[in-house]
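Contents: one structure, followed by commentary.
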Amino acid sequence: MSMQSFDDIRAYHDHEVSDVLSSLLEDGEFLSFLAQNKFPYLNRFLPKWTQQRIQAGLSRHFNAIDSIQSWQAKLAPHVEKLLDKTIDDFSITGIDQLDPEKTYVFVSNHRDIAMDPLLVNYALLKAGLSTSKVAIGDNLLSRQFVAKLMRLNKSFVVKRSISGRREKLQAVQELSEYIHHCIQGKQHVWIAQKEGRAKDGMDITDTAVLKMMHMAGRKLGWEFKQSMDFLGIVPVSICYEWDPCDIDKAKERHALAQFGRYEKSQDEDFRSIVKGLQGKKGRVALNFGAPLQLDTNSPEQWSDAIDTTIHSQYRLFENNHIAYQLLNGSKLSSTPEASKWKKRFKGVPSDIQKKIVEYYAKPVELNIEALKHDGE
């Protein structure tokens, strides 16, 4: 399949960067968003003037950027500033198991829309490795400037919103071939272990994700194991002490449990991206597992191996243990950590709190199961 055929889903190429950045400078929605976030007071009284100042400043910044690499290099100090502001301690483990000469597909649990792949790429960059292409659902790209920024940051589009069996099949085949194309071209890929964030804390790999990645291999006559070996599957676990969207996720789960459905408000995904990036996360731990090597063609066994690695490598924080104890009938103690919990969720209705407890307790349950599995 030619590169041209990936145009509607692929990340941007170097030669497109200048034009995309120029279009962002003329995007009123983008400038307005930056003005509201960076200079809310000024923007309230002098919106046009504030946006013009931002436009002029960005124009100077964008001038020297002519490739994805120079764009990401320009972004790196801002990412560091963001991490310093929102994360108390960021630990990275297991990255030394990666061979700098090899290319991998990083399959991770998924808690935060933008932060998960951002942290993986930041860790790769810090280790002197090349950053990965990022699979992102088209439901997150409703705003034009968000779509452009994501694709500048090596994101490619997963078409989740199409209907029609034939169209879906074509989209999945194209996605599989694009991932193979990236690996062939020595480009790492990040993909979530299942569609959407694990709002219940249930980090379980959907075999459909692995089967999708095998489709391009199957077309070549490969067995499932051949595809997985070619792709170089690396399980990654991401653990946030505090999730900035924890209450929102609990409200959604409660609505689903009570009414059987949940209607997303307009722009909800976009607000989740912003909240996830800007919200305080406490401590964060990122673990890269060893590249998987299995002697089986069973997608289920590959999924189980990814899950066992992710769950056994979880970094569990005090609040996870507090939630696990609450779930099992204990009362909140008077430790400093328990006081933090009480303060954070003060005034949250008890039925929503129940969902929050389940969310933070789930990693403990999965970790216990994984360690039991490892010990067998």
Side-chain angles (χ1 to χ4, degrees), residues 83 87-100 102 104-112 115-127 129 131-132 134-135 188-194 197-207 209-210 213 228-229 231-243 246 281-294 296 299-324 358-376:
L83 300 190
I87 295 174
D88 295 337
D89 176 65
F90 181 36
S91 67
I92 303 161
T93 50
I95 202 160
D96 53 328
Q97 300 177 90
L98 304 180
D99 182 341
K102 290 188 176 168
Y104 300 106
V105 172
F106 301 106
V107 180
S108 87
N109 60 328
H110 192 26
R111 297 304 180 89
D112 188 278
M115 209 69 192
D116 295 350
L118 185 147
L119 290 174
V120 168
N121 274 340
Y122 179 76
L124 292 171
L125 205 59
K126 281 305 217 188
L129 302 167
T131 54
S132 64
V134 172
H188 302 305
V189 170
W190 175 91
I191 193 165
Q193 65 183 160
K194 62 179 175 183
R197 290 168 292 161
K199 293 169 188 172
D200 55 1
M202 197 69 162
D203 297 327
I204 301 293
T205 303
D206 185 352
T207 53
V209 172
L210 303 186
M213 292 198 286
M228 296 302 105
D229 288 345
L231 294 168
I233 305 294
V234 173
V236 178
S237 71
I238 304 170
C239 303
Y240 299 90
E241 184 176 17
W242 298 108
D243 181 342
D246 50 13
K281 299 158 195 73
R283 291 167 291 173
V284 178
L286 182 67
N287 178 268
F288 291 83
L292 282 188
Q293 291 182 310
L294 296 180
T296 176
E300 289 72 25
Q301 286 181 11
W302 280 85
S303 292
D304 287 348
I306 292 168
D307 292 345
T308 302
T309 304
I310 289 174
H311 302 162
S312 62
Q313 298 300 325
Y314 275 145
R315 164 92 179 273
L316 300 173
F317 301 104
E318 288 86 343
N319 57 351
N320 297 116
H321 294 295
I322 288 168
Y324 184 69
E358 290 169 4
Y359 178 66
Y360 281 108
K362 187 54 73 178
V364 182
E365 295 179 338
L366 294 174
N367 181 255
I368 291 167
E369 280 301 310
L371 294 177
K372 216 185 282 178
H373 183 279
D374 266 359
E376 283 170 6

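When all heavy atoms are compared, the tightest approach of Asn287 to Gly94 is ND2-N, 4.2 Å. Of all heavy-atom pairs between Gln97 and Gly289, the closest is NE2-C, 3.8 Å. What you find for Ala370 and Ser312 is that their closest heavy atoms are CB-N, 3.7 Å. The two residues Ile191 and Ala135 come nearest to each other via the heavy atoms CG1-CB, 3.8 Å. For the residue pair Ala323 and Ala361, the shortest heavy atom distance occurs at CB-N, 3.6 Å. Here the closest heavy-atom approach between residue Leu210 and residue Pro299 is recorded as CD1-O, 3.9 Å.
Taking the six-membered ring where the residue is Trp, Tyr104 and His188 present parallel rings, their angle staying beneath 30° rather than reaching 60°.
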Apply the test side-chain contact (heavy atoms from CB on, under 4.5 Å) to residues Val234 and Lys102: give CA-CA distance (whole Å), side-chain angles for both, the deciding distance (0.1 Å), then the verdict. CA-CA 12 Å; Val234 173; Lys102 290 188 176 168; over 6 Å; no
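Residues that satisfy the side chain to side chain donor-acceptor pair (under 3.5 Å) test with Lys281, not counting sequence neighbours, are Thr86. Residues passing the side chain to side chain contact (heavy atoms under 4.5 Å, CB included) test with Ala127 are Ile95, Leu129, sequence neighbours excluded. Residues passing the side chain to side chain donor-acceptor pair (under 3.5 Å) test with Asp229 are Lys225, sequence neighbours excluded. Considering only residues two or more places apart in sequence or on other chains, Asp88 meets the salt bridge (Lys or Arg N to Asp or Glu O under 4.0 Å) condition with none of them. Listed by chain and residue number, nothing satisfies the side chain to side chain donor-acceptor pair (under 3.5 Å) test with Asn320 (two or more places apart in sequence, or in another chain). Legend: residues meeting side chain to side chain contact (heavy atoms under 4.5 Å, CB included) with Ile368, ordered by chain and number and at least two apart, are Tyr324, Val364, Lys372. Glu318 meets the salt bridge (Lys or Arg N to Asp or Glu O under 4.0 Å) test with Arg283; sequence neighbours excluded. Considering only residues two or more places apart in sequence or on other chains, Glu358 meets the salt bridge (Lys or Arg N to Asp or Glu O under 4.0 Å) condition with Arg253, Lys354, Lys355. Every residue was checked against the salt bridge (Lys or Arg N to Asp or Glu O under 4.0 Å) condition with Asp116, not counting sequence neighbours, and none meets it. Partners of Glu365 according to the side chain to side chain donor-acceptor pair (under 3.5 Å) rule, which considers only residues two or more places apart in sequence or in another chain, are Lys362. Judged as a side chain to side chain contact (heavy atoms under 4.5 Å, CB included), and not counting sequence neighbours, the contacts of Ile204 are Met202, Asp307, His311, Leu366.
To the nearest 0.5 Å, the span separating SG on Cys239 from CD1 on Ile310 amounts to 9.5 Å. Between the CG atom in Leu83 and the CG atom in Leu119 there is a gap of 6.0 Å [rounded to 0.5 Å]. Atom-to-atom distance recorded for Ile92:CD1 and Leu286:CG is 6.0 Å, nearest 0.5 angstrom. Here CZ of Arg315 is found 6.5 Å from CG of Asp89. Values are rounded to the nearest 0.5 Å. Once rounded to the nearest 0.5 Å, the distance linking NE2 of His110 with CH2 of Trp190 reads 4.5 Å. For the atom pair CD of Gln193 and CD1 of Ile306, the computed distance is 8.0 Å after rounding to the nearest 0.5 Å.
The shortest side-chain heavy-atom distance between Val107 and Leu292 does not fall under the 4.5 Å cut-off. Side-chain contact check for Val189 versus Met213: every heavy-atom pair is 4.5 Å or farther apart.
Checking Ser237 against Gln313 by side-chain atom types alone, no donor-acceptor pair falls below 3.5 Å. Residues Asn109 and Tyr314 bring no donor and acceptor atom of their side chains to less than 3.5 Å of each other.
Among residues at least two apart or in separate chains, salt bridge (charged side-chain N to carboxylate O under 4.0 Å, His left out) pairs with a member in residues 197-206 are Arg111-Asp203, Lys199-Glu252.
Among Asp96, Thr309, Thr93, Val120, the single residue meeting the side chain to side chain contact (heavy atoms under 4.5 Å, CB included) criterion with Phe288 is Val120.
Atom CD of Gln293 has 12 or fewer neighbouring heavy atoms from other residues, nucleotides or ligands inside a 6.0 Å radius.
Remark: aromatic rings of Phe317 and Tyr360 are distant, center separation not under 6.0 Å.
At distances below 3.5 Å, at least one donor-acceptor pair connects side-chain atoms of Asn319 with backbone N or O atoms of Glu241. Trp302 places no side-chain N or O within donor-acceptor distance of the main-chain N or O of Thr207, the cut-off being under 3.5 Å.
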